[in-house]
Amino acid sequence: MPKPRVIYWFRTDLRLHDSPALKAALDLKPECLYPIWTWDPHYVYRARVGPNRWRYLLDCQNDLSKSITRLNPKSKLFLIREAPQTLFPKLFKAWKITHLVFEKDTDAYARERDDKVMKLAEEAGVQVIVKTGRTLYDPDELVKQNHGKPTMSISQVQSAGKRIGSIPRPIPAPTSLPDPGATDVTFEQEKPEEKPDINSIQRDGNEASYSALAGPKGDFALPTMEELGLKEATSSHRGGETLALKTLDEIIANKDYTATFEKPKTAPTAFEPQATTLLSPHMHFGSLSCREFYWRVQDVVDSYKGKASQPPTSLTGQLLFRDMYFGAQAALGYAFGQTYNNPQCRFIPWHLPSEIDTKTGLITGKYLVDDARAEEYFIRWKEGRTGFPWIDALMRQLKQEGWIHHLGRHAVACFLTRGGCYVDWERGAEVFEEWLIDHEAACNIGNWQWLSCTAFFAQFFRCYSPIAFPQKWDKDGEFVRRYVPELKDFGRKYIYEPWKAPISDQKKWGCRIEGDGKDANGTTYPKPMFDFPERRDICLNGMKSAYHIGLYGNDPRVLDGTWRKLFDDHAEGPTEGKEGPPGAMVKHEDADGAESHDEQPPSPKTAKKMAVKSEKKVAPKKPAHKREASQSTLDSMVTRKKKKDDDVFPNATHFG
Ligand SMILES: Cc1cc2nc3c(=O)[nH]c(=O)nc-3n(C[C@H](O)[C@H](O)[C@H](O)COP(=O)(O)OP(=O)(O)OC[C@H]3O[C@@H](n4cnc5c(N)ncnc54)[C@H](O)[C@@H]3O)c2cc1C
């Protein structure tokens with residue numbers, strides 16, 4: 001029998017430690033092993049990726065390549081510049097490949113791609129080996145053990161996990177690697193279609209990564225930021241397995257931190273150092289194995305003398321949340337990433353809804369501007385000039401660093417959707433996709449659904465205040481002063497509400513509160529773009545109506561656009577557009593009038609009145625089985641909660 005000639009296809013696993021797939025490749029005792037990365041145009045042109053994440057990827061690839069070379073000076077990470085779907089048949093032939101091995105990827109696009117590649121391998125007589133290593137449990141197995149359903153709660157993950165069995169211990173990194181074999185690529189390169197290039201806004205130079213199959217020098221080198229034509233990265237966070245393992249070592253060395261970690265008690269306002277591990281980008285690129293992370297933490301917890309924290313708030317609990325989102329995505333595929341046609345996602349007629357390709361039923365990446373003011377809110381949110389310093393500081397940190405604390409993500413996501421702007425969660429998820437260095441489709445989408453109360457979580461009356469919430473963590477506003485330097489000299493009394501500062505103080509502190517921040521030069525900061533309590537009430541009423549009507553993304557009325565009729569029945573006048581894909585607003589959204597700066601939240605009495613008014617508008621015509629809560633239950637929930645925890649969300653029991 002000739003010895004196997006193996007391609008090891010690196011994708012979601014930029015590491016050598018604890019890689020079940022790499023182990024499977026090495027267990028074949030191959031004659032040669034080609035560690036490769038295929039430079040897939042899907043990610044270059046069609047997925048939103050900003051410079052910070054590009055550089056993080058290159059960091060991880062460079063570090064991995066060096067580690068491979070350390071184990072075998074003839075080897076490295078061979079980067080080949082063509083789509084895998086067209087490259088592999090040529091590569092199988094040219095390099096006389098017998099086996100293709102890779103880590104399982106359950107993202108929607110990846111599944112489609114891998115199915116195609118596996119078919120091509122079969123046709124070429126190449127054996128394919130796929131191993132799970134990206135998550136604690138195989139997401140497909142999680143779904144299977146969750147009775148074939150997406151995992152929508154942590155307890156479902158825990159129950160399904162019990163049925164699967166214990167999480168495997170990590171396996172050590174290899175100590176040697178076989179030679180790669182000849183690496184001729186004399187075949188033609190199939191150049192990708194560059195347009196549409198969703199990332200053109202990330203570039204200030206020409207994108208030239210497909211100049212030749214093996215790169216400009218023919219040595220399979222990794223591309224540089226310059227070759228990708230990308231703008232400069234601004235984040236201080238860097239990637240690579242070496243750094244990931246060092247960071248994990250430092251965390252684990254602090255036994256108290258590791259064993260007693262409780263996510264809701266970590267400050268979203270902490271920076272340098274941040275309050276949580278910041279291992280998420282390493283997890284995304286697979287430069288850190290989740291099982292390594294899990295077991296290193298669990299071992300500390302098991303030997304800890306004091307009272308250790310437990311899932312869901314503990315560190316291992318965080319990893320279970322990650323698996324939960326992978327389990328939901330694995331079951332739903334592309335539909336997971338959108339409301340339209342998603343059976344788990346509540347339909348809420350947000351502003352700025354996605355355009356739907358009616359042939360595929362998928363969102364196109366474009367959106368409809370149904371309301372100019374909502375578009376302005378969205379742009380100002382994205383650009384960190386809402387006039388609410390807490391929100392603006394977070395959005396600027398996100399753009400600059402590519403990472404913000406989980407509760408910071410909660411705050412900006414709630415603000416954009418159900419707690420301020422009433423803008424579609426899909427808009428926010430796209431901005432996060434562009435800017436996060438840890439962007440993980442499953443986690444990003446799932447968390448946006450959670451925060452907008454469209455799936456996973458339903459307590460829409462729990463709303464974050466952009467003023468009281470950060471005050472609990474950071475009375476002096478150090479975080480705001482760092483990321484909104486215009487306000488650095490403001491007195492602590494006004495740091496979260498600078499518009500309330502007397503003009504004489506504004507002058508003294510070198511920053512006037514005026515305008516919309518568009519052309520600000522450091523001596524002005526915008527006025528708040530709306531009256532928050534007023535907007536929060538509008539959103540609450542909108543959510544209440546939508547919950548009462550109770551549609552989900554796969555409802556025939558959502559799919560054919562007739563959902564509007566239901567919402568029209570509750571509106572004071574006609575809503576916008578009557579046909580086509582989802583996207584319009586309930587009428588009372590229009591009615592909130594000009595900006596007011598009365599900062600008082602409505603009294604419970606007014607809130608109750610509003611709730612009753614809204615009840616009148618909501619004609620409960622839906623069959624009872626479709627309604628999750630009666631209108632009066634919703635009303636009383638809203639008024640009760642308004643009194644109790646206006647700004648206090650979250651608490652540990654409602655944490656995700
Ligand atoms: C709107 C929104 C969008 C998000 N988008 C992403 C995303 O694209 N990618 C991403 O990895 N996380 C995302 N999260 C989840 C979470 O905010 C980050 O994982 C976390 O803040 C990363 O910081 P850390 O590594 O210090 O986390 P830690 O608190 O130290 O947690 C350890 C690890 O557990 C995992 N984890 C923790 N919380 C969650 C969670 N809620 N969901 C899934 N995994 C979790 C991460 O891998 C993280 O590295 C999002 C959260 C929100 C609210």
Side-chain angles (χ1 to χ4, degrees), residues 12 47-50 53 56 107 134-136 151 154 157 237 244 247-248 251-252 254 257-258 261-268 270-271 273-294 296-297 309 311-329 337 394-395 397-398 401-419 425-457 464 649-650 654-656:
T12 47
R48 291 178 179 79
V49 192
R53 193 155 84 253
Y56 207 97
D107 282 9
R134 192 183 182 195
T135 41
L136 299 175
T151 44
I154 208 77
V157 173
H237 309 309
T247 310
L248 181 64
I251 290 162
I252 297 298
N254 187 342
Y257 176 86
T258 303
F261 181 97
E262 284 183 75
K263 187 71 156 275
K265 293 188 180 161
T266 60
F271 59 94
Q274 73 293 330
T276 54
T277 65
L278 221 161
L279 287 171
S280 50
H282 291 297
M283 303 282 283
H284 168 67
F285 286 104
S287 47
L288 178 65
S289 141
C290 57
R291 305 191 311 190
E292 180 80 24
F293 188 179
Y294 179 90
R296 294 278 301 276
V297 171
S309 53
T313 57
S314 65
L315 264 181
T316 52
Q318 304 312 300
L319 297 175
L320 292 174
F321 273 119
R322 186 172 176 270
D323 264 46
M324 175 183 82
Y325 292 121
F326 274 95
Q329 182 197 41
L394 287 163
M395 291 307 292
Q397 184 193 26
L398 173 62
E401 299 290 349
W403 183 91
I404 50 177
H405 184 280
H406 184 57
L407 296 181
R409 299 182 201 207
H410 272 222
V412 295
C414 179
F415 185 88
L416 182 70
T417 57
R418 65 185 171 82
W425 65 267
E426 290 167 21
R427 301 292 70 73
E430 283 165 2
V431 172
F432 272 36
E433 178 187 348
E434 181 182 340
W435 285 346
L436 278 176
I437 50 172
D438 65 17
H439 173 255
E440 189 77 86
C443 302
N444 189 40
I445 291 161
N447 275 289
W448 271 96
Q449 292 176 355
W450 179 302
L451 260 299
S452 59
C453 287
T454 49
F456 297 100
F457 184 73
Y464 287 100
F649 178 73
H654 296 102
F655 185 73

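Numbers here are sequence positions counted from 1. The figures that follow rest on heavy atoms only: side chains count, while hydrogens, waters and symmetry mates do not. Remember, it's 1-based here, ligands and their atoms both numbered in the order they're listed.
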Checking contacts here: is it the side chain or the backbone of [X] that comes within 4.0 Å of ligand 1, counting heavy atoms only? Could be both or neither.
{"X": "Thr266", "result": "neither"}
{"X": "Trp450", "result": "neither"}
{"X": "Glu440", "result": "both"}
{"X": "Leu436", "result": "side chain"}
{"X": "Lys263", "result": "side chain"}

Relative to the heavy atoms of [X], which atoms of ligand 1 are at a distance of less than 4.0 Å?
{"X": "Trp403", "result": "22 (C), 23 (O), 26 (O)"}
{"X": "Phe432", "result": "1 (C), 2 (C), 3 (C)"}
{"X": "Phe261", "result": "29 (O)"}
{"X": "Leu451", "result": "53 (C)"}
{"X": "Thr277", "result": "24 (P), 25 (O), 26 (O), 28 (P), 30 (O), 32 (C)"}
{"X": "His439", "result": "8 (O)"}
{"X": "Phe293", "result": "32 (C), 33 (C)"}
{"X": "Leu279", "result": "25 (O), 49 (O)"}

Least distance between heavy atoms, Leu315 atom then Thr258 atom: CD1-O, 4.2 Å
Closest approach of Ala442 to Tyr325 (non-hydrogen atoms, all atoms of both residues): O-CB, 3.5 Å
Of the listed options Arg409, Gln318, Glu433, closest to atom 39 (C) of ligand 1 (non-hydrogen atoms): Gln318
Approximate separation, where rounding is to 0.5 Å, of Phe293 CZ and Ile252 CD1: 7.0 Å
Pairwise distance OH(Tyr294) to CG(Leu320) - rounded to 0.5 angstrom: 6.0 Å
Check whether the side chains of [X] and [Y] place a donor and an acceptor atom closer than 3.5 Å, and report yes or no.
{"X": "His406", "Y": "Thr276", "answer": "no"}
{"X": "His439", "Y": "Tyr56", "answer": "no"}
{"X": "Asp107", "Y": "Gln329", "answer": "yes"}

Note: Arg322-Glu440 ion pair, threshold 4.0 Å (strictly below): yes
Kindly confirm or rule out an N or O of [X] lying under 3.5 angstrom from an N or O of ligand 1.
{"X": "Leu278", "result": "yes"}
{"X": "Leu315", "result": "no"}
{"X": "Asn444", "result": "yes"}
{"X": "Trp448", "result": "no"}

Geometric class of the Trp450/Phe457 ring pair [parallel <30°, tilted 30-60°, perpendicular >60°]: parallel
Main-chain N/O of Ser314 paired to Gln318 side chain as donor or acceptor, under 3.5 Å: yes
Close approach, His410 and ligand 1, non-hydrogen under 4.0 angstrom: yes
Ile251 vs Phe261, side-chain contact (heavy atoms from CB on, under 4.5 Å): CA-CA, chis, key distance, verdict: CA-CA 11 Å; Ile251 290 162; Phe261 181 97; over 6 Å; no
Contact check, side chains of Val412 and Ile404, non-hydrogen atoms, under 4.5 Å: yes
